[in-house]
Amino acid sequence: MAELNTGDGGGGKGGKVRSKKQNSKVDLTAMVDLAFLLITFFMLTTTLSKPQAMSLGLPDKDPKEDSKDMKVDENRTMTLMLGENNKLVYYMGLLETPIAGPKDMEYGRNGIREEILKRKESVLSYTGDKEKGMIVIIKPSKKSSYKNMIDILDEMVISDVPTYTIVNDFTPEEKKLLDGK
């Protein structure tokens, strides 16, 4: 039982006799119980911050199935290569016969986003069908940063590019281009 004593109430050694004061006791048990109930209540009712995550759909890898390469119209394909030190190189079509690029770009609104939106419109006018839009191939190198990869995935969402893939396979020509040699 918790109590609060507020003095002994007795007089000093003086010659006068005074009446003794009674000890006043306050029982704190109910207040301690109430405090723990409130702490428990607020702990259970508080919502914790939820982590922000981007949904990324990945295909199932079935070892029984033999995967065949799918042919894609190079007029619809844009390749983004991510290198070290925030380097971003893009080209449209095939590297041997590019429609546009290869060109170094900056991340952000005035860089790659502007180019993606422009190329998305040109692909739409080429195909004439919204279902056959632009396909973006993202190729991060081993030296690229995680932040750059997230920035490109954000650009895909902002630019509303529904079809994109992440590939870690570089041709020797692409490696030379990314390394600047």
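Residue numbers run from 1 in the order of the sequence given.
Put simply, CD1 on Ile112 and CG on Leu117 are 10.0 Å apart, with the number rounded to the nearest 0.5 Å. Within the model, atoms CZ of Phe36 and OG1 of Thr40 stand 8.0 Å from one another, a figure rounded to the nearest 0.5 Å. Note: Met156 CE to Ile116 CD1 = 3.5 Å, rounded to the nearest 0.5 Å. Distance check: Thr165 OG1 to Ile135 CD1 gives 10.0 Å after rounding to the nearest 0.5 Å. How far CZ of Arg76 is from OG1 of Thr163: 7.0 Å, rounded to the nearest 0.5 Å.
Grouping the Ile, Leu, Val, Met, Phe, Trp and Tyr side chains by contacts below 4.5 angstrom, directly or via other members, places Tyr107 apart from Ile137. Under the 4.5 Å side-chain heavy-atom criterion for Ile, Leu, Val, Met, Phe, Trp and Tyr, Val136 and Leu124 are members of distinct hydrophobic clusters. Under the 4.5 Å side-chain contact rule for hydrophobic residues, Val123 and Ile158 do not share a cluster. Under a hydrophobic-cluster definition in which Ile, Leu, Val, Met, Phe, Trp and Tyr are linked whenever side-chain heavy atoms come within less than 4.5 Å, directly or via other members, Leu34 and Phe42 are assigned to the same cluster.
Looking only at side-chain heavy atoms (C-beta outward), Asn148 and Pro140 stay at 4.5 Å or farther from each other. Contact annotation: the side chain of Tyr91 approaches that of Met81 to within less than 4.5 Å [non-hydrogen atoms, C-beta and beyond]. Under the 4.5 Å side-chain criterion, counting only non-hydrogen atoms from C-beta, Val161 is not in contact with Met78. Contact of the Thr79 side chain with the Val167 side chain is not registered, since no non-hydrogen atoms from C-beta on lie closer than 4.5 Å. Within the 4.5 Å cutoff, the side chain of Asp151 has no heavy atoms near those of the Leu88 side chain. Annotation: side chain of Leu80 is not in contact with side chain of Glu155 (no heavy-atom distance under 4.5 Å). Inter-residue side-chain proximity for Asn168 and Lys142 is flagged as unmet; no heavy-atom pair is nearer than 4.5 Å.
Not one N or O on the side chain of Lys103 forms a donor-acceptor pair closer than 3.5 Å with the backbone of Tyr90. Formation of a donor-acceptor pair under 3.5 Å by the Ser141 side chain with backbone atoms of Leu82 is found in this model.
Closest non-hydrogen pair, Arg113 versus Ser159, comes out as CG-OG, 3.7 Å. Nearest heavy-atom pair across Met134 and Met92 is SD-CE, 4.2 Å.
Within 6.0 Å of atom CD in Glu173, more than 12 heavy atoms from other residues, nucleotides or ligands are found, so the atom counts as buried in its surroundings. In the displayed structure, Asp33 atom CG is contacted under 6.0 Å by more than 12 heavy atoms of other residues, nucleotides or ligands.
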